[in-house]
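A quick write-up on the structure given underneath.
All ligand and atom numbering here is 1-based and tracks the order in the structure.
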Amino acid sequence: MNPETLLRLVRKNILSLAPYSTARDEYKGSIGIFLDANENPFDNGYNRYPDPRQSELKEIISQIKGIPVQQIFVGNGSDEAIDLCLRIFCEPRTDNIVTITPTYGMYRVAADINNVEVREVQLNDDFTLPTDKILASCDKNTKLIFLCSPNNPTGNSFSIEDVRRLTECFSGIVVIDEAYIDFSSHQSATMMLDEYENLIVLQTLSKAYGLAALRMGLAFAQKDIIDIFSNVKYPYNINSAGMERAKELLKRDVKAEISLLISERERLSHRLAEIEGIKHVYPSDANFLLVKSDNARLLYERLIKENIIVRDRSQVKGCEGCLRITVGTPQENNRLLEALGRCM
Ligand SMILES: *Cc1c(COP(=O)(O)O)cnc(C)c1O
């Protein structure tokens with residue numbers, strides 16, 4: 001990123017930050033007698049501080065995603081990456097972010113916590129991106145545009161041309177959250193990383209990779225931005241136990257699970273649409289379905305009585321009357337369909 005752009009977009013205090021230097025930053029060898037970090041020397045598996053750079057884990061992620069290690073940030077869930085975007089680029093009470101609605105709630109929460117104004121632009125009726133309205137909502141203090149594609153809770157992906165147009169026309173940073181990209185037929189925006197210095201792509205190990213409990217969120221961007229993320233994050237934001245489990249579990253091939261979930265999504269979508277009382281099942285590019293019904297709240301409560309918990313989105317503007325239903329195992333999905341037969 002050219003120096004003027006950095007100066008314009010990154011908060012001054014962040015640009016002039018001298019990051020905390022850990023004992024493990026100063027000496028990177030792995031053999032020797034380590035008397036540099038005031039650790040307990042008796043080995044119990046976890047007595048040493050973890051690698052603050054997460055080099056081995058990033059190497060594996062780099063292989064899987066085909067993205068160089070220098071362009072990868074690993075955070076304590078996507079939550080950390082979202083919060084870092086706010087803390088790095090947005091001056092509290094001065095700058096603002098623009099996002100869409102309905103979408104994932106964390107962008108607003110992170111902005112509210114950081115005392116940064118949020119400007120929400122309603123998606124078009126068909127849930128496509130209102131690019132002109134988004135651009136019209138931006139002013140000189142807009143630092144970030146947050147997009148989510150495939151979008152939660154609507155389930156659709158935005159066209160890559162629309163995303164490209166926003167990234168080209170907007171002078172701040174476009175953050176695109178691809179938590180569900182592995183279930184999507186659309187291409188990832190990571191293929192545009194080399195073209196745009198103002199693009200941050202978020203992904204996660206919580207969904208397709210099945211590691212929600214380990215809390216591993218990913219951010220991909222050009223090296224300058226990733227370097228700033230590394231300077232601002234807590235030095236040991238990823239712990240050793242999580243890192244070891246993630247390295248092990250990432251050896252599993254999740255392709256078969258993903259294809260099964262996609263075929264279940266399509267099966268569920270067709271079966272749901274046949275149920276009387278269900279008005280619409282929106283097309284989905286993710287591992288959930290947005291389902292409109294006559295009385296969503298009642299249906300939600302009846303499903304709970306059947307021990308099936310879905311997400312009630314019926315009060316969300318743009319999703320009136322909708323439940324968001326995650327695609328489960330084939331057995332779970334059959335149970336859902338049976339229960340819905342009884343509930344309606
Ligand atoms: C589930 C989800 C995430 C994942 O969050 P983690 O903190 O990584 O578990 C991120 N973005 C969206 C839109 C999601 O729905």
For this session: Give the atoms of ligand 1, by number and element, whose distance to some non-hydrogen atom of C148 is under 4.0 Å.
Result: 13 (C)
For this session: List the steps and the verdict of salt bridge (charged side-chain N to carboxylate O under 4.0 Å, His left out) for K12 and E91.
Result: CA-CA 9 Å; K12 303 281 167 295; E91 196 60 40; over 6 Å; no
For this session: Pick whichever of E80, Q203, K207 has a heavy atom sitting closest to atom 4 (C) of ligand 1.
Result: K207
Seminar exercise, completed: Quick note on ligand 1: atoms under 4.0 Å from a heavy atom of G77 include exactly 7 (O), 8 (O)
Exercise. So, is S78 polar-close to ligand 1, with some N/O to N/O distance under 3.5 Å?
Worked result: yes
Exercise. Is it true that a side-chain atom of S149 and a backbone atom of N151 form a donor plus acceptor pair closer than 3.5 Å?
Worked result: no
Exercise. What protein heavy atom sits nearest atom 11 (N) of ligand 1, and how far off is it?
Worked result: D177 OD2, 2.6 Å
Exercise. Can you tell me the protein heavy atom closest to atom 15 (O) of ligand 1 and the distance?
Worked result: Y180 OH, 2.6 Å
Exercise. Hey, which atoms in ligand 1 end up nearer than 4.0 Å to a heavy atom of D79?
Worked result: 7 (O)
Exercise. Can R311 and Y300 be counted as having a side-chain donor-acceptor contact under 3.5 angstrom?
Worked result: no
Exercise. Parallel, tilted or perpendicular: which describes the rings of F183 and Y180, with under 30° parallel and over 60° perpendicular?
Worked result: tilted
Exercise. Are Q122 and T101 close enough that a side-chain donor and a side-chain acceptor fall under 3.5 Å?
Worked result: no
Exercise. Have T128 and D126 got a donor and an acceptor in their side chains that come within less than 3.5 Å?
Worked result: yes
Problem set entry | ligand 1 atoms in contact with A179 (distance to a heavy atom under 4.0 Å) | 2 (C), 3 (C), 10 (C), 11 (N), 12 (C), 14 (C)
Problem set entry | Numbering as shown, the atoms of ligand 1 that approach S206 to under 4.0 Å (heavy-atom distance) | 6 (P), 8 (O), 9 (O)
Exercise. Which heavy atom of the protein is the closest neighbour of atom 7 (O) of ligand 1, given with residue, atom name and distance?
Worked result: R215 NH2, 2.6 Å
Exercise. Would you find a donor on one side and an acceptor on the other, under 3.5 Å apart, between the side chain of N40 and the backbone of F42?
Worked result: yes
